[in-house]
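Working notes, beginning with the structure itself.
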Amino acid sequence: MSRPASAWQGVVTNVARSRCLAAVGDNEVEFHVPGSMIRDNGGRNPVRVGDLVTLALRSGTLVLQRIEERTSEFQRTHSEQGRSPRAATIAANLAMAAFVLPATAERRHLRMLDRMLVGACWADIPALVCVNKWDLVTDPGNLRNRLRPYRDEGWPICYTIAPAGDGVSGLLDLLPPGLSAFIGPSGAGKTTLIRAITGRADLKTLGVNSHTGKGRHVTTAVSAYQVDADRWVVDAPGLKTFGVAQAPQEMVLAAFPEIERAAGSCRQRWCDHEDRGGCRVAADIRSGAISRERWASYRLLIAEAVG
Ligand SMILES: Nc1nc2c(ncn2[C@@H]2O[C@H](COP(=O)(O)OP(=O)(O)OP(=O)(O)O)[C@@H](O)[C@H]2O)c(=O)[nH]1
Ligand SMILES: [Zn+2]
């Protein structure tokens, strides 16, 4: 389809409540989303970072004309107060999801990792794990052990100290052409990593609150930054929760390949894995081939996902 001379194509780099930015050629331009498109989307801005958009110039303002069909949607289930849970897209057309955890990882961070991996399987995009703040790790052997199930299933894991740039070139080597989104809990160091990768000193981090020890919620909008000619990184606000209620159960299974494989070898086709005779999953849990943490996580997520 030909487009009028006054139309431009771009990739969305920033979505805030009232304005959006897109990279058009070598420029970043601001554009307006027509009220009708927001109304048609149930009162929400339909634009996401990563969207390929067509913009038209109207009375001196760039206006969104069309959002091209997405190749992938990285989404989670999200419930706002008093509303029923709905799927919310974090970014569109991603080539990679980079899950950032602090090396001070607590149990809840690893459980969030399982949830985010369901999100990557649901979006059908590859994922990697970046364990940042490696300078603060207290028991490195224990943490590496707890991450072994992920490594064994082929998810790349890298260890970084973002402010010093340690491990950052290894992380960069893992990013494919296109958009890679940095996702994880608040204060994990996503913005600091992106600053180290892009060399952009203007990216703001506010530091960790010295009283609570928690990272402050500093990144408020999803934004994309250019790394080199064909790679972009996406900084997303820190997540507190990552619901999978709208994800199909097969996507949960895909995020636990060690369990999926074992279940395929249970003697009963519809085995409930309650350790009756011939259950391979139960045998693998007993032998340690399936970690108890991952098994408990799987059971929660499979119950949460749609059947
Ligand atoms: N010791 C140490 N501190 C780090 C490291 N990486 C980041 N920090 C610090 O941790 C704090 C939070 O870092 P951010 O980059 O803002 O974290 P974020 O994940 O972007 O946080 P949100 O924007 O809230 O999601 C800042 O004070 C950083 O300087 C690291 O590898 N080691
Ligand atoms: Zn079984």
Side-chain angles (χ1 to χ4, degrees), residues 8-33 37 44-55 62-76 88-100 116 119-120 123-128 130 132 160 162 168-169 171-186 188-205 217-239 242:
W8 289 268
Q9 280 221 317
V11 175
V12 176
T13 54
N14 185 288
V15 177
R17 208 158 292 144
S18 56
R19 55 160 216 169
C20 298
L21 299 176
V24 177
D26 287 337
N27 299 310
E28 198 164 50
V29 298
E30 192 170 327
F31 68 95
H32 174 76
V33 182
M37 287 177 113
R44 297 173 213 281
N45 188 342
V47 179
R48 289 293 175 273
V49 164
D51 267 330
L52 189 61
V53 289
T54 304
L55 309 174
L62 276 172
V63 178
L64 174 65
Q65 234 179 11
R66 197 176 62 234
I67 303 174
E68 301 300 331
E69 198 177 326
R70 293 169 179 163
T71 58
S72 73
E73 289 189 289
F74 183 73
Q75 51 189 340
R76 65 172 169 150
T89 299
I90 296 171
N93 304 325
L94 293 180
M96 167 74 89
F99 298 131
V100 183
M116 296 188 295
D124 198 18
I125 54 173
L128 67 81
C130 174
N132 186 43
T160 55
V168 169
S169 68
L171 170 61
L172 193 51
D173 287 345
L174 293 169
L175 304 183
L179 285 159
S180 295
F182 283 49
I183 315 274
S186 191
K190 299 177 293 295
T191 304
T192 312
L193 280 168
I194 287 177
R195 194 164 45 199
I197 286 172
T198 60
R200 283 184 61 153
D202 57 322
L203 301 185
K204 296 266 189 312
T205 53
H217 188 79
V218 291
T219 303
T220 54
V222 180
S223 310
Y225 304 97
Q226 191 153 18
V227 178
D228 50 31
D230 58 358
R231 294 188 296 179
W232 291 72
V233 284
V234 176
D235 194 3
L239 298 175
F242 196 103

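None of these values were measured; they are calculated from a predicted model.
Between the CG atom of L62 and the CD atom of Q65 there is a distance of 10.5 Å, given to the nearest 0.5 Å. Between the CG atom in N93 and the CG atom in L52 there is a gap of 7.0 Å [rounded to 0.5 Å]. The CZ atom of F31 lies 9.5 Å from the CG atom of N14; values are rounded to the nearest 0.5 Å. Considering CZ of R66 and CD of Q9, their distance stands at 7.0 Å, rounded to 0.5 Å.
Side-chain contact between W8 and V29 is absent, with no heavy-atom pair separated by less than 4.5 Å. Contact annotation: the side chain of I90 approaches that of R76 to within less than 4.5 Å [non-hydrogen atoms, C-beta and beyond]. At a threshold of 4.5 Å between non-hydrogen side-chain atoms, the residues V12 and I67 do not count as touching. In this structure the side chain of R195 reaches within 4.5 angstrom of the side chain of T192, judged on heavy atoms. Residues S223 and V49 fail the side-chain proximity criterion, which asks for heavy atoms closer than 4.5 Å.
Judged purely by atom type and a 3.5 angstrom limit, R231 uses its side chain to pair as donor or acceptor with the backbone of L172. Side-chain N or O atoms of S72 include one that pairs as donor or acceptor with a backbone N or O of L94 at under 3.5 Å.
A162 and A196 get closest at one heavy-atom pair: O-CB, 3.9 Å. Of all the heavy atoms in Q75 and F242, the pair that sits closest is O-CZ, 3.6 Å. In terms of heavy-atom proximity, G189 sits nearest to N132 at CA-ND2, 3.6 Å. Here the closest heavy-atom approach between residue A127 and residue F99 is recorded as CB-CE1, 3.7 Å. Nearest heavy-atom pair across M37 and L64 is SD-CD2, 3.7 Å.
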Just do the side chain to side chain contact (heavy atoms under 4.5 Å, CB included) check on N45 and C20 with the steps written out, would you? CA-CA 10 Å; N45 188 342; C20 298; 3.6 Å; yes
When you look at L128 and L171, which way does the side chain to side chain contact (heavy atoms under 4.5 Å, CB included) test go after all the steps? CA-CA 9 Å; L128 67 81; L171 170 61; 3.9 Å; yes
Go through it in stages, so that I can follow the logic: the residues are T13 and L21, the test is side chain to side chain contact (heavy atoms under 4.5 Å, CB included), and I'd like the CA-CA distance, side-chain angles, deciding distance and then a yes or no. CA-CA 5 Å; T13 54; L21 299 176; 3.5 Å; yes
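Looking at residues two or more places apart in sequence or on another chain, you find a salt bridge (charged side-chain N to carboxylate O under 4.0 Å, His left out) between R70 and D51, E73. Every residue two or more places apart in sequence or in another chain was checked for a salt bridge (charged side-chain N to carboxylate O under 4.0 Å, His left out) with E28, and none qualifies.
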Contacts table for residues 174-185: side-chain donor-acceptor under 3.5 angstrom, sequence neighbours left out:
none

